[in-house]
Amino acid sequence: MHYVKQYIKNVLQQEPGDTVTVKGWVKTKRASKGIQFIQLSDGSCFTDLQIVIDASKFEENLLKEISTGCSLLVEGTLVESPAAGQKVELSATDIEIVGSAPVEDYPLQKKGATFEFLREIAHLRCRTNTFGAVNRIRSKASWAIHQFFNERGFHYVNTPIITASDCEGAGEMFYVSNSLAVENGEYKLKNKNPQEDFFAKPAYLTVSGQLEGETLACGLTNVYTFGPTFRAENSNSARHLAEFWMIEPEMAFCNLEGDMALATEFIQYVIKYALDNCSDDIEFFNKRIEPGILETLEHVVNSDFEHVSYTDAIKYLENSGEKFEYPIHWGADLQSEHERWLTEKKIGKPVIVYNYPKEIKAFYMRLNDDNKTVAAMDVLVPKIGEIIGGSQREERHNVLVQRIKEQNLEEEAYWWYLDLRKFGTVPHAGFGLGLERLIMYITGMKNIRDVIPYYRCPRNADF
RNA sequence: UGCCGCAUAGCUCAGCGGUAGAGCAGCUGACUGUUAAUCAGCGGGUCCUAGGUUCGAAUCCUAGUGCGGCAGCCA
């Protein structure tokens, strides 16, 4: 048995009269006395193939066993459909049940299920319309991301997933150790001293490949990473995961302006690719998940993102007349409610806020000439908030050392990072984009746990 | 982690102190073209767990567990 080459996606484009064989899973079956209809899906596209069965030509027991969820191999002739709903359908000449799905146990019904319930059966949810569409868009978007960077001469680099430098400061980290064992249902440490552990020092799952990415950009010029990222924060929100996929481009000889330009171009490119290549799926999201999403996406592709300095953003917020739960003033971090007001009410499209106070941003962000702000930028989008966080990096050795000291970090731990500023230093910039947040934006899905096949968050590592 | 809400049939929910309910799914049957097919009939319950109040608790109270929403942390 070879891998499938004739997908339903292609069959739907073929001409009536063609003989085809399709393989897939039954979504629903509708039976009358002499005729039965099956909606068959192989996940290749949003549309199911309608199989038409003349009941008199098949064993009664065979037809009886066909139920929602079972896998079939169907041979037949493609015919023009006499009824509304589909152009062509498959008139079956031979049906093989590859795997049955006992109807009393199969948890998926033809009627809609809640996303909460589907999370409990995450191993089956990709068979539904919504999760089929999410997975196809996720795949196409990932492909578009690689293509975007490849077309622009960026090198795809892989930064370590296990890291011994707790330099990033981007969040709580998961320890990686082989000293930990479970005995009688309890954790036990085999070695208490980190020096005797596997890496001979504390090691963690990466929270960002940025610092390593910078080293690679300072030699390869333009690079990007695209890989799993881990945060051990106890965050219980619809926008956070403990394991997510992050894209992090890093560009040598580039400043914040170039960084913002790339971020804009990047988001528009991926969305346009999805619009061009997943139109059926996006139409579904537009109809059933987030009415208006199609128009929003088209608008995003065709209009520039608004650029607003942090200082201006504060002015807008102060003069907004809105009552915010968190009072806003220059120097305060923008809270969700502020970001949402800016991008949803004030601007009404993606907005890039830049030049934040240095006190609320990371040490590696380049200090501006005003000595008060750093060259950081966040891309905020309606309904989701921050989708990209980026900055121009501090390339001046003395300033970087000063910033490390200001934030009470250990200078020695950054020896290799500081080396970059000693040997052939160069202005450079980059950003991080959460793939899942981008998928949420494209699909209109409201919970990040529903845009990744198997989500990881506090109290959940099932499957 | 904080605040709020929810937990009843396979699923979605109603019932809110007095014998456990509906729709869908399932089962049986009817129907030659359905589109979440339709129509008739049938079966289906540890009302999350542990305490408490009460003559009596799915219902009220306490604790726990799980889930969700919002906030925080960020991507």
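Lettering follows sequence order; numbering is per chain, from 1.
- Looking at A/Arg449, its side chain has no donor and acceptor atom pair within 3.5 Å of the base of B/C67.
- Comparing B/A7 with B/G15, their P atoms are spaced 10 Å from each other, to the whole Å.
- At a threshold of 4.0 angstrom between heavy atoms, the contacts of A/Thr229 with the nucleic acid are absent.
- Searching all strands for a Watson-Crick or G-U wobble partner of B/G33 with both distances below 3.5 Å returns nothing.
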Worked verdict on A/Lys383 versus A/Glu290 for salt bridge (charged side-chain N to carboxylate O under 4.0 Å, His left out) = CA-CA 11 Å; A/Lys383 303 221 163 80; A/Glu290 176 73 31; 3.3 Å; yes

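- As a whole-Å value, the separation of A/Asp54 CG from B/C31 P is 16 Å.
- Note: CD (A/Gln36) to P (B/U32) measures 13 Å, nearest angstrom.
- Under the Watson-Crick or G-U wobble criterion, with both distances below 3.5 Å, B/U49 is paired with B/A63.
- Judged by distance alone, the side chain of A/Asn447 and the main-chain N or O of A/Asp450 form no donor-acceptor pair under 3.5 Å.
- Taking the six-membered ring for Trp and the full ring otherwise, A/His146 and A/Tyr156 have centroids separated by under 6.0 Å.
- Judged by closest nucleotide on RNA chain B, A/Phe117 is the one of A/Arg30 and A/Phe117 placed further toward the 5' end.
- Classified by interplanar angle (parallel below 30°, tilted 30° to 60°, perpendicular above 60°), the ring pair A/Phe131/A/Phe115 is perpendicular.
- Distance check on atom P: B/C6 versus B/U53 gives 25 Å, rounded to whole Å.
- The base of B/U1 has none of its N or O atoms less than 3.5 Å from a complementary donor or acceptor on the side chain of A/Glu172.
- The pairing partner recorded for B/U1 is B/A71, the criterion being a Watson-Crick or G-U wobble arrangement whose two distances lie under 3.5 angstrom.
- Comparing atom distances between the A/Ser81 side chain and each of B/U1, B/G33, B/A75 picks out B/G33 as nearest.
- If you take atom C1' in B/A25 and the same atom in B/C42, they sit 14 Å apart, rounded to whole Å.
- The distance between atom CD of A/Glu248 and atom C1' of B/C74, rounded to the nearest whole Å, is 12 Å.
- Side-chain proximity of A/Gln109 to the nucleotides B/C24, B/G69, B/G33 is greatest for B/C24.
- Put simply, A/Phe37 does not rest on the base of B/G33: the two rings are not both less than 5.5 Å apart at their centres and under 30° in tilt.
- The distance between the ring centers of A/Phe174 and A/Tyr204 does not fall below 6.0 angstrom.
- B/C11 is paired with B/G23 under the Watson-Crick or G-U wobble criterion, all donor-acceptor distances under 3.5 Å.
- When each of B/C67, B/G72, B/A75 is scored by its nearest atom to the side-chain atoms of A/Ser235, the top-ranked nucleotide is B/G72.
- Residue contacts shown for A/Arg119 are limited to sugar-phosphate atoms, with no base heavy atom under 4.0 Å away.
- When the C1' atom of B/G69 is taken as reference, atom CZ of A/Phe115 falls 16 Å away, rounded to whole Å.
- The residue among A/Lys446 and A/Leu433 whose nearest nucleotide of RNA chain B is located toward the 5' end is A/Lys446.
- Rounded to a whole Å, the OH atom of A/Tyr441 is 22 Å from the P atom of B/C74.
- Checking B/U32, B/A75, B/C70 against the side-chain heavy atoms of A/Ala238 singles out B/C70 as nearest.
- Listed nucleotides: B/G68, B/C27, B/A75. Nearest to the side chain of A/Val103: B/C27.
- Comparing the same atom, P, in B/G66 and in B/U49 gives a spacing of 15 Å after rounding to whole Å.
- Contact annotation for A/Gln50: base contact, defined as any heavy-atom pair under 4.0 Å involving a base atom.
- Ring centroids of A/Trp341 and A/Tyr316 are separated by 6.0 Å or more, keeping the two rings apart.
- Among B/G72, B/C31, B/U34, the nucleotide with an atom closest to any side-chain atom of A/Lys33 is B/C31.
- Among the heavy atoms of the strands lying under 4.0 Å from A/Pro82 is at least one base atom, whether or not backbone atoms are also near.
- Per the geometry, CD belonging to A/Glu116 stands 12 Å off P belonging to B/C67, to the nearest Å.
- In this entry B/C16 has no Watson-Crick or G-U wobble partner, no candidate having both defining distances under 3.5 Å.
- A distance below 6.0 Å separates the ring centres of A/Phe363 and A/Tyr414.
- Within the nucleic acid shown, A/Ala113 has no heavy atom closer than 4.0 Å to any nucleic acid atom.
- A parallel orientation is assigned to the rings of A/Phe149 and A/Tyr224, their planes being inclined by less than 30° (bins at 30° and 60°).
- Between the C1' atoms of B/U38 and B/G33, the separation comes to 13 Å (whole Å).
- In terms of phosphate contacts, A/Arg459 brings no side-chain nitrogen or oxygen within less than 4.0 Å of OP1 or OP2 of B/U65.
- The aromatic rings of A/Phe226 and A/Trp245 lie perpendicular to each other, with more than 60° between the two planes, well past the 30° mark.
- Between A/Thr114 and the phosphate of B/C11, there is no side-chain N or O to OP1/OP2 separation shorter than 4.0 Å.
- Base engagement by A/Leu241 is indicated by at least one non-hydrogen atom pair under 4.0 Å involving a base atom.
- At the heavy-atom level, A/Ala84 lies under 4.0 Å from base atoms of the strands shown.
- Within the 4.0 angstrom heavy-atom criterion, base atoms lie near A/Ile35.
- The CG-P distance, from A/Asn234 to B/U1, rounds to 4 Å in whole Å.
- Going from atom OH of A/Tyr326 over to atom P of B/G2 covers 14 Å, rounded to whole Å.
- Taking the P atom of each, B/A14 and B/C55 are spaced 31 Å apart, rounded to whole Å.
- The A/Asn236 side chain lies nearest to B/U1 when the options are B/G72, B/U1, B/U28.
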